[in-house]
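Notes follow once the structure below has been shown.
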There are 2 protein chains.
Amino acid sequence: MNDATANSHAKILEVAEALYARRGFAGVGMRELAEAAGLGKSSLFHHFRSKVQLYLAVVERVLARVEERVQPILTAHAPAAERLDRWIDALVDAFAEQPASARLLLRALFEEDEFDAADWPEGQAAERRLANVLDGITRLLQQGMRAGEFRAASAPHVVQTLIGATIYHFASGEIGERLLGGPLLSAEAVRARKAEMKQFLHYGLAARPASSDEGGQS
Amino acid sequence: MNDATANSHAKILEVAEALYARRGFAGVGMRELAEAAGLGKSSLFHHFRSKVQLYLAVVERVLARVEERVQPILTAHAPAAERLDRWIDALVDAFAEQPASARLLLRALFEEDEFDAADWPEGQAAERRLANVLDGITRLLQQGMRAGEFRAASAPHVVQTLIGATIYHFASGEIGERLLGGPLLSAEAVRARKAEMKQFLHYGLAARPASSDEGGQS
DNA sequence: TCTGGCTCCGACCGATCGGTCGGGCGGCAG
DNA sequence: CTGCCGCCCGACCGATCGGTCGGAGCCAGA
């Protein structure tokens, strides 16, 4: 694979990521995509066997970037609670730097059955990456619960909310800014988001049972 | 409009909501939709002028259901903090009862430019509903801040996270259940979610700056 | 200079897209 | 019974869909 090939390949992925993030898999045609990449439509099929393969490659690339940021933290030498803090930092950073990723990922998570079972012979690469990330954070939670750092009952709940809120936040675009009354991506906003997430984390994971209203009020 | 017409109309909207929620606007064709509704394709165009109009009608119906649940609470006689609690309850209930709504709404929020500016002459009904809901919660926040019930700086942030996390949660389907290790929609899960959201709310809006980790632990 | 292998392209394929058209059918007012 | 009107349909339209094919241009090794 020489430079020209690699360049076209990368250019296609780049352009495709932007377009798929904006209008989704079904909403973007190969013609439009080719034109945006400065190629003929046939050339796309030289680099990727089919539209589905191209889309999966795009999703996989996004997940790979996230994984690369987030996964090394899991094995660090530190208490689970601190690793979880850093994990959140990394996740927020990853999305803040490339907000299109958040949109694409949000769509992709809900498009599973947009072409399910079909073609897609061994496109599991993307799925494997997603499973890696989810399994990683799940294991981290279990470690924290075993070590008594987290409240067992609500840990998955809290992290689920955390991930959802983060992805949603950076994907929300103008709607989010309208409610927020300010920019989503300024350095300050990113810092504020990290702080908010960590507060939520510590509150949700470490606080006393606090299950609504019964509690051991002796 | 006699009964038969009304029935077809409603049936179409119902079927369309389910399909659009699963595969998005561009992913569902009028043929498929007609077949699912038990009609000929031409008949769809008798009830709705175009595909875009049908889609907007579906989105508007979803937003109307949410608005209907959520809006009356704003004018109740109660402290802002309590109204916000009830607002969250209503939002969670609305999505929990019809989880397809959450998916559709999540997609719709990010599909604005899927057909932007185009056809769509006066389809603002959906947009108006959305603006109503967002303005309503924004006003409630302002009331709470003026009354000193909320911390002014972070209120919009917190509510943005709240809405995002709630929609994401109920839209997340199997991916969410995988991370959670259990069902999303059981009565217990819904209760737990409400509790979690309210905790987050009170912590985020009312607590002291709460710089992470000091705490009274002697 | 010839040759094999790449990257790329224009032209073309059958299928499907959103949308239109003319008419069939049934109930209801006259 | 007749005429009209609202609901529905099959057949059809041009445009676009994802994908294929044969070859043009180019560079490397002989």
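Bear in mind the structure is a predicted one, so any value in this text is a computation, not a measurement. Just so we're on the same page: letters track the sequence lines, and every chain starts at 1. Heavy atoms only: backbone and side chains are in, while hydrogens, waters and symmetry mates are out.
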Practice problem: Rounded to the nearest angstrom, tell me the gap between atom CG in A:Leu33 and atom C1' in D:dG18. | Solution: 12 Å
Quiz item: Tell me: CZ of B:Phe45 to P of C:dG18, nearest whole Å?
Solution: 7 Å
Exercise. Send over the distance from A:Glu35 CD to D:dT16 C1', rounded to a whole Å.
Key: 14 Å
Quiz item: What is the distance, rounded to the nearest whole Å, between atom CD of B:Glu32 and atom P of C:dC17?
Solution: 8 Å
Quiz item: Is B:Arg69 salt-bridged to B:Glu97, going by a charged N under 4.0 Å from an acidic O?
Solution: yes
Self-check item: Members of residues 13-21 of chain A that approach DNA chain C, where some heavy atom sits under 4.0 Å away
Solution: none
Exercise. Any chance you could lay out the side chain to side chain contact (heavy atoms under 4.5 Å, CB included) test for B:Arg128 and B:Leu63, step after step, and finish with the verdict?
Key: CA-CA 10 Å; B:Arg128 235 181 307 120; B:Leu63 285 171; over 6 Å; no
Quiz prompt | Check ion pair B:Lys194-B:Asp93 (N to O, under 4.0 angstrom) | solution = yes
Quiz prompt | Between A:Ser101 and A:Arg65, a side-chain donor and acceptor under 3.5 Å | solution = yes
Practice problem: Starting at atom CE of A:Met30, determine the distance to atom C1' of D:dA15, rounded to an integer number of angstrom. | Solution: 19 Å
Practice problem: Output yes when at least one side-chain N/O atom of A:Ser8 is less than 4.0 Å from OP1 or OP2 of C:dC8, else no. | Solution: yes
Quiz prompt | ring-ring contact (aromatic ring centres under 6.0 Å, His included) partners of A:Phe150, counting only residues at least two apart | solution = none
Quiz item: Mind checking what makes ring-ring contact (aromatic ring centres under 6.0 Å, His included) contact with B:Phe48, not counting sequence neighbours?
Solution: B:His9
Quiz prompt | Value in whole Å for how far the P atom of D:dC21 lies from CZ of A:Arg49 | solution = 16 Å
Self-check item: Residue B:His47, side-chain heavy atoms: nucleotide from D:dC8, C:dC8, C:dG18 that is nearest
Solution: D:dC8
Quiz item: Any idea which of C:dG18, C:dC9, D:dG18 is nearest the B:Arg31 side chain?
Solution: C:dG18
Detail all sub-3.5 Å separations between protein N/O atoms and N/O atoms belonging to nucleotides 22-27 of chain C.
none

Quiz item: Tell me: CG of B:Leu39 to P of D:dG10, nearest whole Å?
Solution: 11 Å
Quiz item: In whole angstrom, what separates B:Phe48's CZ from C:dG18's P?
Solution: 15 Å
Quiz prompt | Results of ring-ring contact (aromatic ring centres under 6.0 Å, His included) for A:Phe200 - residues two or more places apart only | solution = B:Phe200
Quiz item: To the nearest 0.5 Å, what is the distance between CZ (B:Arg193) and CG (B:Leu91)?
Solution: 10.5 Å
Exercise. Ignoring backbone atoms, establish whether A:Ser50 has a side-chain N or O less than 4.0 Å from OP1 or OP2 of D:dG18.
Key: no
List the atom pairs, donor and acceptor, that lie under 3.5 Å between side-chain atoms in residues 133-146 of chain A and the rest of the protein, sequence neighbours left out.
residue  : atom : partner  : partner atom : Å
A:Thr138 : OG1  : A:Leu134 : O            : 2.7
A:Gln143 : OE1  : A:Arg83  : NH1          : 3.0
A:Gln143 : OE1  : A:Arg83  : NH2          : 3.1

